[in-house]
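Just below is one structure, and these are the notes that go with it.
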Amino acid sequence: MWVIRLTEDPDDPATRRAFAAWHGDAPAHAQAWARALRVWQLTGALSPALLALPVVEAPPATSSPTVTPPGRRRHPSPRATRRRRRTALSLAAAACVAGLFVLPDMQIALRADYTAPTGHDRTITLADGSIITLGAKSAIAVHDRPEGRDVTLLAGEAFFQVRHDAHRPFTVHAGTLRARDIGTRFDIRMDRAEIRVGVQDGTVGISTAPNSPETRLGSGDEIRLNRATGTLTQDQVAPDTIGSWTTGTLVVADDTADNVIETLRRYYPGFIVTWGGTLRSRHVGGVYDLHNIPAALRAAILPAGGHVRAIGHQILLATTARTPTDR
């Protein structure tokens, strides 16, 4: 994609000549470039310097131009067709980025009572004295009723320190999962693939459907709900690792790189892009600084055979192996 190539190295003469040749090849290319810039500006990932990037004239062709006889329609060459397909794919990718990061955030914001911005946690004290710490880029809706207290996790992660009241149960909804407090401190994280509940101390009752049997979790218990299959998996972890992110340090004993990257994305003000499915499924563990996401990402995936490459100032590309052009 030209936006990424030019953001990475806008002063490279060869890249600028190639871009100029493509840009001037057809009016449709210039229009496509303008649309791509508008889409990328919506994501916030576009460098201001890119907008003012001078276009370098392509070197003159050494062969004579092909003249199309009057009355005959000139068909695009296979090379031109491939270029147009690449342009369409680039625009589609940019549009997907805008849709992925902008539109869902707007929908969640309309439903949320409390949100935390990218890169920052937020602590909320409810009227009953219960304390909720929202992880970065997380959102909740609160429904306080005389007969009970309900919280819906709309996105991200939250750590709950609940003031127990037997007459007004405290229930957290995350997707199809319901967690009922029985006097506790617990953490709930909702990603694209799974919902995870971990209990630091106390007891939590977990159910995944109305009127379904409740599973009791105690200190150090962690349960994962696969959102695609509905499968529940229960593990035992060190209690002090649950909610570790509230201190600015993410402690991971054994998790997939994909899950760790999902958390790091919420703390990074740009974009983290992964390339290579095998990297995402590899298991990692360690202690990661949420105040330095590039370093945390490298520390997470390098032992798993991955590599991190910075593209401009706002994109981190995580790949399965180092290539000759990596820095």
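Residues take their numbers from the sequence shown, with the count starting at 1.
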Are Ile261 and Ile195 co-members of a hydrophobic cluster defined by side-chain heavy atoms under 4.5 Å apart?
no
Looking at side-chain heavy atoms only, is the closest gap between Asn259 and Glu194 below 4.5 Å?
yes
I need the Leu297 CG to Thr274 OG1 distance, nearest 0.5 Å.
9.5 Å
Got a second to check how far Phe159's CZ is from Ile188's CD1, nearest 0.5 Å?
11.0 Å
So which atom in Glu157 and which in Ser138 form the shortest heavy-atom distance, rounded to 0.1 Å?
N-OG, 2.9 Å
Could you tell me whether the side chain of Ser244 and the main chain of Val251 form a donor-acceptor pair under 3.5 Å?
yes
Do Phe160 and Leu154 share a hydrophobic cluster (ILVMFWY, side-chain heavy atoms under 4.5 Å, transitive)?
no
Distance-only donor-acceptor check, side chains Asp258 and Thr256, under 3.5 Å
no
Can you tell if the side chain of Ile132 reaches within under 4.5 Å of the side chain of Ile140, non-hydrogen atoms only?
yes
When rounded to the nearest 0.5 angstrom, what is the spacing between CD1 in Ile131 and OG1 in Thr125?
4.5 Å
Going by distance alone, is a donor N or O of one side chain under 3.5 Å from an acceptor N or O of the other, for His283 and Asp255?
no
Ionic contact status for Arg168 with Asp144, cut-off 4.0 Å:
yes
Ile315 with Trp275, same ILVMFWY side-chain cluster at under 4.5 Å
yes
With salt bridge (charged side-chain N to carboxylate O under 4.0 Å, His left out) as the test, pick out the partner of Glu262 among Lys137, Arg189, Arg196, Arg192.
Arg192
Which atom of Gly135 lies closest to which atom of Arg266, heavy atoms considered
C-NH1, 3.7 Å
Ile293 versus Leu264, closest heavy-atom pair with distance
CG2-O, 3.9 Å
Rounded to the nearest 0.5 Å, what's the gap from OG1 on Thr208 to CD1 on Ile223? Could you check?
8.5 Å
Which pair of non-hydrogen atoms, one from Arg185 and one from Asp201, has the smallest distance, and what is that distance?
NH2-OD2, 2.7 Å
Atom CZ of Phe170 and atom CZ of Arg163: how far apart are they, to the nearest 0.5 Å?
12.0 Å
When every non-hydrogen atom of Leu316 is compared with those of Pro294, the smallest separation belongs to CD1-CA, 3.9 Å
Scan side-chain atoms only and decide if Asp121 and Tyr267 contain a donor-acceptor pair under the 3.5 Å cut-off.
yes
Shared hydrophobic cluster for Tyr114 and Val162 (ILVMFWY, side-chain gaps under 4.5 Å)
yes
Is the count of non-hydrogen atoms from other residues, nucleotides or ligands lying under 6.0 Å from Arg180 atom CZ greater than 12?
yes
Which heavy atom of Val284 sits nearest to which heavy atom of Ala304, and what is that distance?
CG1-CB, 4.0 Å
When you measure from the side chain of Arg265 to the backbone N and O of Ile272, does any donor-acceptor pair fall under 3.5 Å?
yes
Is any side-chain heavy atom of Thr133 closer than 4.5 Å to a side-chain heavy atom of Arg122?
no
Mind running side chain to side chain contact (heavy atoms under 4.5 Å, CB included) on Val260 and Tyr288 for me, showing each step along the way?
CA-CA 10 Å; Val260 173; Tyr288 310 116; 4.3 Å; yes
Any donor-acceptor N/O pair, Asp113 side chain to Val142 backbone, under 3.5 Å
yes
Looking at Thr247 and Trp245, would you say the former's side chain and the latter's main chain have a donor-acceptor pair under 3.5 Å?
no
Donor-acceptor contact below 3.5 Å, side chain Glu222 vs main chain Thr233:
no
With a 4.5 Å limit on heavy-atom distance, are the side chains of Thr215 and Leu217 in contact?
yes
Treat each ILVMFWY residue as a node, draw an edge where side-chain heavy atoms are under 4.5 Å apart, and state whether Met190 and Ile124 are in one component.
yes
Short question: side chain of Asp181, backbone of Thr184 - any donor-acceptor pair under 3.5 Å?
yes
Treating Thr203 as the side-chain partner and Gly218 as the backbone partner, does any N or O pair qualify as donor plus acceptor under 3.5 Å?
no
Backbone N/O of Asp289 and side chain of Asn292: donor-acceptor pair under 3.5 Å
no
Glu214 CD to Ile206 CD1 distance, which is reported to the nearest 0.5 Å
7.5 Å
Report yes if some heavy atom in the side chain of Val197 is under 4.5 Å from a heavy atom in the side chain of Asp187; otherwise report no.
no
Between Ser207 and Arg178: side-chain donor-acceptor atoms closer than 3.5 Å
yes
Hey, does the side chain of Thr241 reach the backbone of Ala238 with a donor-acceptor pair shorter than 3.5 angstrom?
yes
Sub-4.5 Å side-chain heavy-atom contact between Thr171 and His173
yes
Flag, side chain of Asp128 to backbone of Ser130, donor-acceptor distance under 3.5 Å
yes
